[in-house]
There are 2 protein chains.
Amino acid sequence: MLAAALRILDEQGLPDLTMRHLATTLGVQPSALYWHFPNKQALLAAVSDQIIASARPADTATGDWRDRVRHEAAALHDALLAYKDGAEVVSSTLALGLGADGLAHRLARAISGGGFDQQTTGLAAETMVLFLVGHAFHQQQRLQADSLGAVAGAHSLDRDDPAGPPSGPQAFDLGITLLVAGLDTQSRMARPA
Amino acid sequence: MLAAALRILDEQGLPDLTMRHLATTLGVQPSALYWHFPNKQALLAAVSDQIIASARPADTATGDWRDRVRHEAAALHDALLAYKDGAEVVSSTLALGLGADGLAHRLARAISGGGFDQQTTGLAAETMVLFLVGHAFHQQQRLQADSLGAVAGAHSLDRDDPAGPPSGPQAFDLGITLLVAGLDTQSRMARPA
DNA sequence: ACCTGAACACCGTTCAAGT
DNA sequence: ACCTGAACACCGTTCAAGT
(Lines give C-alpha, C1' and ligand atoms only; values in the text may rest on other atoms or scores of the structure.)
Protein backbone atom coordinates (compact mmCIF):
# COMPACT_ATOMS: atom_id res chain seq x y z
CA MET A 1 0.00 0.00 0.00
CA LEU A 2 2.98 2.28 0.51
CA ALA A 3 4.13 1.00 -2.85
CA ALA A 4 0.78 1.92 -4.38
CA ALA A 5 1.08 5.41 -2.94
CA LEU A 6 4.53 5.82 -4.45
CA ARG A 7 3.24 4.66 -7.81
CA ILE A 8 0.41 7.17 -7.82
CA LEU A 9 2.81 9.91 -6.80
CA ASP A 10 5.29 9.12 -9.52
CA GLU A 11 2.80 8.50 -12.30
CA GLN A 12 0.14 11.08 -11.58
CA GLY A 13 1.66 13.54 -9.13
CA LEU A 14 0.88 14.80 -5.65
CA PRO A 15 -2.49 16.40 -6.46
CA ASP A 16 -3.79 12.97 -7.45
CA LEU A 17 -2.41 11.24 -4.39
CA THR A 18 -5.65 11.49 -2.44
CA MET A 19 -6.91 9.02 0.13
CA ARG A 20 -9.90 8.31 -2.05
CA HIS A 21 -7.86 7.75 -5.17
CA LEU A 22 -5.41 5.52 -3.33
CA ALA A 23 -8.29 3.51 -1.90
CA THR A 24 -9.81 3.02 -5.33
CA THR A 25 -6.48 1.83 -6.67
CA LEU A 26 -6.31 -0.73 -3.89
CA GLY A 27 -9.91 -1.81 -4.45
CA VAL A 28 -10.89 -0.73 -0.97
CA GLN A 29 -13.00 1.87 0.80
CA PRO A 30 -11.28 5.16 1.76
CA SER A 31 -11.99 4.53 5.41
CA ALA A 32 -9.97 1.32 5.25
CA LEU A 33 -6.77 3.32 4.92
CA TYR A 34 -7.26 4.73 8.38
CA TRP A 35 -6.58 1.38 9.90
CA HIS A 36 -3.02 1.53 8.47
CA PHE A 37 -2.26 5.23 8.88
CA PRO A 38 -3.76 7.66 11.38
CA ASN A 39 -4.07 10.37 8.72
CA LYS A 40 -2.79 11.55 5.39
CA GLN A 41 0.24 13.36 6.76
CA ALA A 42 1.49 10.12 8.26
CA LEU A 43 1.12 8.48 4.87
CA LEU A 44 3.10 11.26 3.24
CA ALA A 45 5.78 11.00 5.89
CA ALA A 46 6.19 7.32 5.10
CA VAL A 47 6.37 8.14 1.41
CA SER A 48 9.02 10.77 2.14
CA ASP A 49 11.17 8.35 4.09
CA GLN A 50 10.95 5.92 1.21
CA ILE A 51 12.10 8.54 -1.27
CA ILE A 52 15.04 9.57 0.87
CA ALA A 53 16.05 5.98 1.51
CA SER A 54 16.23 5.45 -2.23
CA ALA A 55 19.12 7.92 -2.56
CA ARG A 56 22.29 6.16 -3.59
CA PRO A 57 24.59 5.68 -0.59
CA ALA A 58 27.74 7.76 -0.31
CA ASP A 59 31.05 6.28 -1.34
CA THR A 60 32.49 6.48 2.15
CA ALA A 61 36.03 5.61 1.12
CA THR A 62 37.15 8.31 -1.27
CA GLY A 63 37.93 11.99 -1.07
CA ASP A 64 38.07 14.38 1.84
CA TRP A 65 35.03 15.47 3.80
CA ARG A 66 34.29 18.34 1.42
CA ASP A 67 33.81 15.92 -1.47
CA ARG A 68 31.82 13.54 0.68
CA VAL A 69 29.45 16.32 1.64
CA ARG A 70 29.08 17.43 -1.95
CA HIS A 71 28.40 13.90 -3.14
CA GLU A 72 25.92 13.15 -0.40
CA ALA A 73 24.07 16.38 -1.09
CA ALA A 74 23.96 15.61 -4.80
CA ALA A 75 22.70 12.07 -4.17
CA LEU A 76 19.89 13.27 -1.92
CA HIS A 77 19.03 16.05 -4.33
CA ASP A 78 18.79 13.55 -7.16
CA ALA A 79 16.57 11.26 -5.12
CA LEU A 80 14.07 14.07 -4.59
CA LEU A 81 14.04 14.79 -8.29
CA ALA A 82 13.70 11.12 -9.24
CA TYR A 83 10.06 10.92 -8.13
CA LYS A 84 7.48 13.25 -9.59
CA ASP A 85 6.68 15.90 -6.97
CA GLY A 86 9.19 14.14 -4.71
CA ALA A 87 10.69 17.39 -3.49
CA GLU A 88 7.30 18.81 -2.59
CA VAL A 89 6.29 15.76 -0.58
CA VAL A 90 9.54 15.74 1.36
CA SER A 91 9.38 19.48 1.82
CA SER A 92 5.95 19.34 3.41
CA THR A 93 6.86 16.42 5.64
CA LEU A 94 10.01 18.20 6.70
CA ALA A 95 8.25 21.47 7.43
CA LEU A 96 5.62 19.78 9.54
CA GLY A 97 8.37 18.20 11.59
CA LEU A 98 7.35 14.63 10.83
CA GLY A 99 9.98 12.25 9.53
CA ALA A 100 12.36 12.90 6.68
CA ASP A 101 15.14 12.87 9.26
CA GLY A 102 17.25 10.70 7.01
CA LEU A 103 18.18 13.80 5.05
CA ALA A 104 19.72 15.65 7.96
CA HIS A 105 21.35 12.53 9.38
CA ARG A 106 23.12 11.61 6.20
CA LEU A 107 24.41 15.12 5.65
CA ALA A 108 25.47 15.43 9.26
CA ARG A 109 27.49 12.23 9.00
CA ALA A 110 29.31 13.58 5.96
CA ILE A 111 29.91 16.97 7.54
CA SER A 112 31.22 15.48 10.77
CA GLY A 113 34.21 14.31 8.75
CA GLY A 114 35.39 17.91 8.98
CA GLY A 115 35.81 17.56 12.74
CA PHE A 116 33.33 20.22 13.81
CA ASP A 117 31.66 20.16 17.19
CA GLN A 118 28.27 18.51 17.31
CA GLN A 119 26.32 21.73 17.39
CA THR A 120 27.97 23.25 14.35
CA THR A 121 27.60 19.97 12.50
CA GLY A 122 23.90 19.81 13.24
CA LEU A 123 23.26 23.42 12.32
CA ALA A 124 25.19 23.15 9.10
CA ALA A 125 23.33 19.99 8.18
CA GLU A 126 20.02 21.69 8.81
CA THR A 127 21.05 24.66 6.70
CA MET A 128 21.98 22.39 3.86
CA VAL A 129 18.78 20.40 4.11
CA LEU A 130 16.67 23.51 3.79
CA PHE A 131 18.62 24.72 0.79
CA LEU A 132 18.67 21.29 -0.83
CA VAL A 133 14.97 20.64 -0.51
CA GLY A 134 13.99 24.16 -1.41
CA HIS A 135 16.11 24.07 -4.50
CA ALA A 136 14.84 20.69 -5.63
CA PHE A 137 11.25 21.81 -5.11
CA HIS A 138 11.83 24.98 -7.06
CA GLN A 139 13.55 23.18 -9.90
CA GLN A 140 10.95 20.44 -10.13
CA GLN A 141 8.20 23.01 -10.30
CA ARG A 142 9.91 24.81 -13.14
CA LEU A 143 10.47 21.65 -15.11
CA GLN A 144 6.81 20.76 -14.87
CA ALA A 145 5.70 24.27 -15.72
CA ASP A 146 7.91 24.16 -18.78
CA SER A 147 6.64 20.81 -19.98
CA LEU A 148 3.04 21.93 -19.63
CA GLY A 149 3.48 25.51 -20.77
CA ALA A 150 5.27 24.58 -23.98
CA VAL A 151 2.07 25.80 -25.59
CA ALA A 152 1.96 29.33 -24.29
CA GLY A 153 5.64 29.93 -23.70
CA ALA A 154 7.38 28.97 -26.95
CA HIS A 155 10.65 29.76 -25.18
CA SER A 156 11.10 26.43 -23.44
CA LEU A 157 14.78 26.28 -24.20
CA ASP A 158 15.95 29.83 -23.69
CA ARG A 159 15.23 29.79 -19.99
CA ASP A 160 17.83 31.30 -17.72
CA ASP A 161 17.40 34.80 -19.00
CA PRO A 162 20.42 36.84 -17.99
CA ALA A 163 18.39 39.03 -15.64
CA GLY A 164 17.62 36.17 -13.27
CA PRO A 165 20.11 33.56 -12.18
CA PRO A 166 20.25 30.16 -13.82
CA SER A 167 18.59 27.71 -11.50
CA GLY A 168 19.49 24.21 -12.62
CA PRO A 169 22.27 21.97 -11.39
CA GLN A 170 24.70 24.86 -11.65
CA ALA A 171 22.80 26.85 -9.05
CA PHE A 172 22.68 23.85 -6.79
CA ASP A 173 26.41 23.34 -7.01
CA LEU A 174 27.13 26.95 -6.18
CA GLY A 175 24.89 26.88 -3.15
CA ILE A 176 26.54 23.77 -1.78
CA THR A 177 29.98 25.14 -2.57
CA LEU A 178 29.15 28.33 -0.72
CA LEU A 179 28.09 26.40 2.35
CA VAL A 180 31.09 24.10 2.30
CA ALA A 181 33.41 27.07 1.88
CA GLY A 182 31.69 28.79 4.77
CA LEU A 183 32.13 25.73 6.95
CA ASP A 184 35.76 25.60 6.02
CA THR A 185 36.19 29.15 7.20
CA GLN A 186 34.51 28.32 10.49
CA SER A 187 36.89 25.46 11.11
CA ARG A 188 39.88 27.67 10.50
CA MET A 189 38.54 30.26 12.90
CA ALA A 190 37.90 27.73 15.64
CA ARG A 191 41.24 25.91 15.47
CA PRO A 192 43.48 28.04 13.29
CA ALA A 193 45.94 25.45 11.99
CA MET B 1 -10.20 42.47 0.36
CA LEU B 2 -6.47 41.80 0.40
CA ALA B 3 -6.57 43.33 3.85
CA ALA B 4 -9.33 40.94 4.88
CA ALA B 5 -7.28 38.03 3.63
CA LEU B 6 -4.29 39.15 5.69
CA ARG B 7 -6.48 39.48 8.77
CA ILE B 8 -7.84 35.96 8.42
CA LEU B 9 -4.33 34.65 7.89
CA ASP B 10 -2.93 36.36 10.93
CA GLU B 11 -5.84 35.69 13.25
CA GLN B 12 -6.91 32.22 12.21
CA GLY B 13 -4.08 30.80 10.14
CA LEU B 14 -3.66 29.46 6.64
CA PRO B 15 -6.04 26.48 6.95
CA ASP B 16 -8.87 28.93 7.61
CA LEU B 17 -7.95 31.19 4.73
CA THR B 18 -10.38 29.59 2.29
CA MET B 19 -12.18 31.32 -0.52
CA ARG B 20 -15.50 30.52 1.12
CA HIS B 21 -14.44 31.82 4.51
CA LEU B 22 -13.01 34.98 3.01
CA ALA B 23 -16.21 35.53 1.05
CA THR B 24 -18.32 35.16 4.18
CA THR B 25 -16.12 37.66 5.98
CA LEU B 26 -16.71 40.14 3.17
CA GLY B 27 -20.43 39.44 3.09
CA VAL B 28 -20.25 38.18 -0.45
CA GLN B 29 -20.66 34.98 -2.43
CA PRO B 30 -17.52 32.86 -2.98
CA SER B 31 -17.84 33.24 -6.72
CA ALA B 32 -17.54 37.02 -6.36
CA LEU B 33 -13.86 36.65 -5.44
CA TYR B 34 -13.11 35.32 -8.88
CA TRP B 35 -13.78 38.65 -10.40
CA HIS B 36 -10.82 40.09 -8.42
CA PHE B 37 -8.43 37.14 -8.57
CA PRO B 38 -8.27 34.38 -11.18
CA ASN B 39 -7.73 31.73 -8.51
CA LYS B 40 -6.61 31.12 -4.96
CA GLN B 41 -2.92 30.92 -5.77
CA ALA B 42 -3.03 34.43 -7.18
CA LEU B 43 -4.64 35.61 -3.97
CA LEU B 44 -1.90 33.94 -1.93
CA ALA B 45 0.76 35.49 -4.14
CA ALA B 46 -0.67 38.94 -3.44
CA VAL B 47 -0.72 38.15 0.27
CA SER B 48 2.91 37.02 0.06
CA ASP B 49 4.01 40.20 -1.61
CA GLN B 50 2.29 42.18 1.10
CA ILE B 51 4.09 40.26 3.84
CA ILE B 52 7.46 40.74 2.20
CA ALA B 53 6.83 44.43 1.60
CA SER B 54 6.17 44.86 5.31
CA ALA B 55 9.77 43.95 6.16
CA ARG B 56 11.62 46.92 7.60
CA PRO B 57 13.88 48.49 4.97
CA ALA B 58 17.62 48.06 5.25
CA ASP B 59 19.71 50.82 6.72
CA THR B 60 21.61 51.39 3.51
CA ALA B 61 24.15 53.72 5.02
CA THR B 62 25.99 51.76 7.67
CA GLY B 63 28.37 48.84 7.76
CA ASP B 64 30.01 46.86 4.99
CA TRP B 65 28.12 44.59 2.62
CA ARG B 66 28.39 41.64 4.98
CA ASP B 67 26.47 43.46 7.67
CA ARG B 68 23.96 44.77 5.15
CA VAL B 69 23.28 41.25 3.94
CA ARG B 70 22.90 39.96 7.46
CA HIS B 71 20.53 42.77 8.41
CA GLU B 72 18.45 42.42 5.29
CA ALA B 73 18.17 38.68 5.80
CA ALA B 74 17.14 39.18 9.41
CA ALA B 75 14.54 41.78 8.48
CA LEU B 76 12.96 39.53 5.86
CA HIS B 77 13.08 36.57 8.20
CA ASP B 78 11.30 38.59 10.89
CA ALA B 79 8.63 39.70 8.43
CA LEU B 80 7.79 36.10 7.61
CA LEU B 81 7.50 35.30 11.29
CA ALA B 82 5.40 38.37 12.03
CA TYR B 83 2.28 36.96 10.37
CA LYS B 84 0.84 33.67 11.49
CA ASP B 85 1.74 31.04 8.88
CA GLY B 86 3.50 33.83 6.99
CA ALA B 87 6.48 31.65 6.14
CA GLU B 88 4.28 28.89 4.77
CA VAL B 89 2.33 31.23 2.52
CA VAL B 90 5.48 32.78 1.10
CA SER B 91 7.10 29.38 0.77
CA SER B 92 4.27 28.03 -1.34
CA THR B 93 4.10 31.12 -3.51
CA LEU B 94 7.84 30.99 -4.00
CA ALA B 95 7.86 27.31 -4.86
CA LEU B 96 5.13 27.71 -7.44
CA GLY B 97 7.16 30.45 -9.07
CA LEU B 98 4.52 33.15 -8.63
CA GLY B 99 5.60 36.40 -7.02
CA ALA B 100 7.52 36.78 -3.82
CA ASP B 101 10.34 38.15 -5.94
CA GLY B 102 10.87 40.95 -3.47
CA LEU B 103 12.77 38.54 -1.27
CA ALA B 104 15.42 37.71 -3.84
CA HIS B 105 15.67 41.26 -5.11
CA ARG B 106 16.32 42.79 -1.72
CA LEU B 107 18.94 40.20 -0.86
CA ALA B 108 20.56 40.53 -4.25
CA ARG B 109 20.87 44.27 -3.79
CA ALA B 110 22.60 43.80 -0.47
CA ILE B 111 24.89 41.10 -1.82
CA SER B 112 25.86 43.14 -4.84
CA GLY B 113 27.66 45.46 -2.45
CA GLY B 114 30.34 42.77 -2.34
CA GLY B 115 31.13 43.43 -5.98
CA PHE B 116 30.33 39.98 -7.34
CA ASP B 117 29.36 39.39 -10.93
CA GLN B 118 25.65 39.34 -11.65
CA GLN B 119 25.41 35.59 -11.90
CA THR B 120 27.07 34.87 -8.59
CA THR B 121 24.98 37.56 -6.93
CA GLY B 122 21.78 36.07 -8.24
CA LEU B 123 22.70 32.53 -7.31
CA ALA B 124 23.78 33.52 -3.83
CA ALA B 125 20.57 35.47 -3.33
CA GLU B 126 18.53 32.47 -4.40
CA THR B 127 20.44 30.22 -2.05
CA MET B 128 19.80 32.56 0.82
CA VAL B 129 16.13 32.90 -0.01
CA LEU B 130 15.63 29.17 0.10
CA PHE B 131 17.41 28.86 3.40
CA LEU B 132 15.68 31.88 4.89
CA VAL B 133 12.18 30.81 3.97
CA GLY B 134 12.76 27.17 4.85
CA HIS B 135 14.09 28.11 8.22
CA ALA B 136 11.27 30.51 9.02
CA PHE B 137 8.71 27.91 7.98
CA HIS B 138 10.34 25.25 10.11
CA GLN B 139 10.60 27.54 13.11
CA GLN B 140 7.05 28.80 12.83
CA GLN B 141 5.76 25.26 12.67
CA ARG B 142 7.63 24.33 15.82
CA LEU B 143 6.40 27.34 17.73
CA GLN B 144 2.82 26.48 16.88
CA ALA B 145 3.30 22.82 17.71
CA ASP B 146 4.71 23.83 21.06
CA SER B 147 1.92 26.21 21.91
CA LEU B 148 -0.69 23.58 21.05
CA GLY B 149 1.14 20.55 22.38
CA ALA B 150 1.85 22.09 25.77
CA VAL B 151 -0.66 19.50 26.94
CA ALA B 152 1.10 16.36 25.80
CA GLY B 153 4.67 17.60 25.83
CA ALA B 154 5.24 19.17 29.25
CA HIS B 155 8.74 20.07 28.04
CA SER B 156 7.90 23.27 26.25
CA LEU B 157 10.98 25.02 27.57
CA ASP B 158 13.65 22.39 27.40
CA ARG B 159 13.54 22.22 23.63
CA ASP B 160 16.86 22.06 21.82
CA ASP B 161 17.81 18.69 23.17
CA PRO B 162 21.56 18.22 22.72
CA ALA B 163 21.06 15.42 20.20
CA GLY B 164 19.53 17.68 17.60
CA PRO B 165 20.70 21.16 16.76
CA PRO B 166 19.07 24.23 18.27
CA SER B 167 16.84 25.72 15.66
CA GLY B 168 15.87 29.21 16.77
CA PRO B 169 17.51 32.52 15.90
CA GLN B 170 20.90 31.02 16.64
CA ALA B 171 20.52 28.47 13.87
CA PHE B 172 19.42 31.19 11.49
CA ASP B 173 22.44 33.32 12.27
CA LEU B 174 24.82 30.46 11.70
CA GLY B 175 23.28 29.60 8.36
CA ILE B 176 23.55 33.18 7.14
CA THR B 177 27.07 33.49 8.50
CA LEU B 178 28.06 30.33 6.67
CA LEU B 179 26.73 31.68 3.40
CA VAL B 180 28.33 35.08 3.82
CA ALA B 181 31.65 33.48 4.70
CA GLY B 182 31.35 31.26 1.65
CA LEU B 183 30.69 34.27 -0.55
CA ASP B 184 33.69 36.01 0.92
CA THR B 185 35.85 33.06 -0.05
CA GLN B 186 34.49 33.16 -3.59
CA SER B 187 35.38 36.80 -3.96
CA ARG B 188 38.94 36.17 -2.82
CA MET B 189 39.27 33.32 -5.28
CA ALA B 190 37.96 35.35 -8.20
CA ARG B 191 40.03 38.47 -7.62
CA PRO B 192 42.67 37.56 -5.05
CA ALA B 193 43.37 40.95 -3.46
C1' DA C 1 -7.35 -7.99 12.49
C1' DC C 2 -9.09 -5.69 8.77
C1' DC C 3 -12.73 -3.72 6.06
C1' DT C 4 -17.63 -1.73 4.56
C1' DG C 5 -21.30 1.83 4.33
C1' DA C 6 -22.82 5.87 5.17
C1' DA C 7 -22.45 10.04 6.69
C1' DC C 8 -20.26 14.87 8.23
C1' DA C 9 -18.34 18.92 7.22
C1' DC C 10 -16.08 20.85 4.18
C1' DC C 11 -13.21 22.45 -0.41
C1' DG C 12 -12.02 25.42 -5.29
C1' DT C 13 -14.05 26.71 -9.48
C1' DT C 14 -17.43 27.69 -13.33
C1' DC C 15 -21.04 30.05 -15.41
C1' DA C 16 -25.40 31.84 -16.67
C1' DA C 17 -27.93 35.45 -15.05
C1' DG C 18 -28.83 39.62 -12.65
C1' DT C 19 -28.03 44.98 -11.54
C1' DA D 1 -18.23 46.80 -13.41
C1' DC D 2 -19.35 43.80 -9.95
C1' DC D 3 -22.09 40.33 -7.80
C1' DT D 4 -25.72 36.27 -7.04
C1' DG D 5 -27.39 31.43 -7.24
C1' DA D 6 -26.77 27.18 -8.18
C1' DA D 7 -24.33 23.66 -9.45
C1' DC D 8 -19.99 20.39 -10.44
C1' DA D 9 -16.65 17.59 -8.95
C1' DC D 10 -14.31 16.78 -5.54
C1' DC D 11 -11.78 16.49 -0.49
C1' DG D 12 -10.16 14.18 4.61
C1' DT D 13 -12.04 11.96 8.46
C1' DT D 14 -15.21 9.41 11.76
C1' DC D 15 -17.64 5.60 13.32
C1' DA D 16 -20.88 2.03 13.92
C1' DA D 17 -21.20 -2.31 12.08
C1' DG D 18 -19.74 -6.34 9.73
C1' DT D 19 -16.47 -10.71 9.01
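What you are looking at is a predicted structure, and each value in this text was computed from that prediction instead of being measured. Residue numbers start from 1 in every chain, and the chains themselves are labelled A, B, ... in the order their sequence lines are given, proteins ahead of strands.
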Transitive ILVMFWY side-chain link [X] to [Y], under 4.5 Å:
| X | Y | value |
| --- | --- | --- |
| V28(B) | L22(B) | yes |
| L9(A) | F137(A) | no |
| V129(B) | L96(B) | no |

Pairwise C1' distance, dC8(D) and dC11(C) [rounded to whole Å]:
12 Å
Expressed as a whole number of Å, how far does the P atom of dA17(D) sit from that of dC2(C)?
22 Å
Can you tell me which nucleotide in [options] comes closest to the side chain of [X]?
| X | options | answer |
| --- | --- | --- |
| W35(A) | dC2(C), dT13(D), dT14(C) | dC2(C) |
| A32(B) | dC11(D), dC3(D), dC3(C) | dC3(D) |
| S31(B) | dT4(D), dT14(D), dC3(C) | dT4(D) |

Are the side chains of L179(A) and V69(A) in contact, using a 4.5 Å heavy-atom criterion?
no
Once you round it to whole Å, what is the distance between [atom2] of [N] and [atom1] of [X]?
| X | N | atom1 | atom2 | value |
| --- | --- | --- | --- | --- |
| L43(A) | dC11(D) | CG | P | 14 Å |
| Y34(B) | dT14(C) | OH | P | 7 Å |
| L22(B) | dC11(C) | CG | P | 12 Å |
| F37(B) | dC2(D) | CZ | P | 13 Å |
| Q41(A) | dC11(D) | CD | C1' | 14 Å |
| K40(B) | dT13(C) | NZ | P | 8 Å |
| H21(A) | dC11(C) | NE2 | C1' | 19 Å |
| M19(A) | dC3(C) | CE | C1' | 14 Å |

Does a sphere of radius 6.0 Å around NE2 in H71(A) hold more than 12 heavy atoms from other residues, nucleotides or ligands, not counting ones at 6.0 Å or beyond?
no
Taking all non-hydrogen atoms of both residues, which atom of E72(B) and which atom of A110(B) are closest, and how far apart?
CB-CB, 4.4 Å
Whether Q29(A) contacts dG5(C) is assessed here as follows: a side-chain N or O lying under 4.0 Å from the phosphate OP1 or OP2. Is that the case?
yes
Do the side-chain N or O atoms of H36(B) get closer than 4.0 angstrom to the phosphate oxygens (OP1, OP2) of dC3(D)?
yes
Using Watson-Crick or G-U wobble pairs with both distances under 3.5 Å, give me DNA chain C in dot-bracket, 5' to 3', with [ ] for crossers and | for pairs to another strand.
||.|||||...|||||.||
Report the residue (P15(A) or P38(A)) whose heavy-atom-nearest nucleotide on DNA chain D is the more 5′ of the two.
P15(A)
Return yes if the base of dG12(C) and the side-chain atoms of T18(B) contain a donor-acceptor N/O pair under 3.5 Å, otherwise no.
no
Fit a plane to each ring of H135(A) and F172(A), take the angle between them on a 0 to 90° scale, and name the class: parallel (under 30°), tilted (30 to 60°) or perpendicular (over 60°).
tilted
